[in-house]
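Letters A, B, ... are given to chains in the order of the sequence lines, protein chains preceding strands, and every chain is numbered from 1.
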Amino acid sequence: MAQRKVPVEEILDTLQQLYPDAHCELNYRTPFELLIATILSAQCTDKRVNEITAPMFEKLNEPEHYLHLTQEEMEEHIKGLGLYKNKSKNILETCRILFEKYNSEVPQTHKELEALPGVGRKTANVVLSNAYGIPAIAVDTHVFRVANRLGLAKSENVDEVERQLMKRIPREKWSDAHHWLIWHGRRICSARNPQCAVCPLQSMCRYAQAEAKKAASKKKA
DNA sequence: AACTCGGGGCA
DNA sequence: TGCCCAGAGTT
């Protein structure tokens, strides 16, 4: 079935108008704090991460501050974020590597970042983009869902979604587009109950049109 | 590709 | 009660 071409420009412009101030909602003061906050953000809300890291970063804001911590002490700091055993282990190990191998600096390449335990493609992209201003599109659950709904990407694989977005979106807009898609996913294009009725992208969204069609046929029946 | 880690939030 | 949350590592 022939689909109309996805109006990428129009979608991006609309998102920019909707979220002119879109930004990273994790609180951090340094690349290191952003790295830790992002590792912690796996499968839990950024709001919750901020509540935990606010007091934690008062004392623990450099890799060397974590070196003497036991696994149990680390778990105590991040309790309530879920996945706490993995996160604790990964953070302690990552801090040790940063201290020993990188002079306590956070590296600036995908390869080096993704070699750190607990750091995958998404976290590396967040750090590169937000802390170092290197254009990147971090595909989290929101970006994944919204991009697929809008037709900006069409894949069940996150790496493939990232490739498709990088191909369709001009490089200088990657970092902003990443935030627009996340903000849209949180505010309107939510997973379970998307507010298509108030969405300015409705007319150019395949998902919204498919939903409208479903609703119409349901009403009829 | 599927599974596991995991407590908190929300309908 | 079920599903989701700014994922990563293992099998």
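Atom C1' of nucleotide B:dT4 and atom OH of A:Y84 are separated by 14 Å, given to the nearest angstrom. The nearest whole Å value for the distance from the NE2 atom in A:H142 to the C1' atom in C:dC5 is 7 Å. Look at CG on A:L113: it is 17 Å from P on C:dG7, rounded to the nearest Å. In this structure, CD of A:E162 is placed 14 Å from P of C:dG7, rounded to the nearest angstrom. Atom pair A:E114:CD and C:dG9:C1' shows a separation of 13 Å (rounding to whole Å applied). For A:K85 and B:dG6, the NZ to P distance is 7 Å, given to the nearest whole Å. The distance from atom NE2 of A:H23 to atom P of C:dA6 is 14 Å, rounded to the nearest whole Å. For the pair A:I39 CD1 and C:dG9 P, the computed distance is 9 Å after rounding to whole Å.
Regarding contacts with the backbone of C:dA8, a side-chain N or O of A:T123 is found under 4.0 angstrom from either OP1 or OP2. Contact annotation: A:R48 side-chain N/O to B:dG6 OP1/OP2 distance is not under 4.0 Å. Applying the 4.0 Å criterion to OP1 and OP2 of C:dC5, one finds that A:T141 has a side-chain N or O inside that range.
For A:E51 and A:C44, each mapped to the nucleotide of DNA chain B holding its nearest heavy atom, the one lying further toward the 5' end belongs to A:C44. Residue-to-nucleotide proximity on DNA chain C shows that, of A:C24 and A:V119, the 5′-proximal contact is made by A:C24. Closest-nucleotide positions on DNA chain C for A:P117 and A:D46 were compared, and the one nearer the 5' end corresponds to A:D46. Where A:K47 and A:K87 meet DNA chain B, the nucleotide closest to each residue was compared, and A:K87 sits on the side nearer the 5' end.
Remark: the separation of the C1' atoms in C:dG9 and B:dG8 is 23 Å, to the nearest Å. To the nearest whole angstrom, the two C1' atoms, one in B:dG7 and one in C:dT10, are 22 Å apart. Distance check on atom P: B:dA11 versus C:dA6 gives 14 Å, rounded to whole Å. C:dA8 sits 23 Å from B:dG9 when the P atoms are compared, rounded to a whole Å.
A salt bridge links A:E100 and A:R96; the closest N-O separation between the charged side-chain nitrogens and carboxylate oxygens is under 4.0 Å. A salt bridge does not link A:D140 with A:R121: every distance from a Lys NZ or Arg NE/NH1/NH2 to an Asp or Glu carboxylate oxygen is 4.0 Å or more. At a threshold of 4.0 Å, the pair A:R145-A:E156 does not count as salt-bridged, since none of the basic side-chain nitrogens sits closer than that to a carboxylate oxygen. Between A:K87 and A:E75, none of the side-chain N atoms (NZ, or NE/NH1/NH2) sits under 4.0 Å from a carboxylate O, so this pair counts as no salt bridge.
Listed nucleotides: C:dA6, B:dG7, C:dC3. Nearest to the side chain of A:R192: C:dC3. The side chain of A:A191 lies closest to C:dC5 when the candidates are C:dG7, B:dC10, C:dC5. Picking from C:dG7, C:dA6, B:dG9 the nucleotide with the shortest atom distance to the side chain of A:H178 gives C:dA6.
The two atoms that bring A:P107 and A:L98 nearest to each other are CD-CD2, 3.7 Å, heavy atoms only.
Under the 6.0 Å distance and 45° angle rule, A:R186 does not count as a cation-pi partner of A:W183.
Residue contacts shown for A:L116 are limited to sugar-phosphate atoms, with no base heavy atom under 4.0 Å away. Using a 4.0 Å heavy-atom distance criterion, A:G120 is classed as a sugar-phosphate-only contact.
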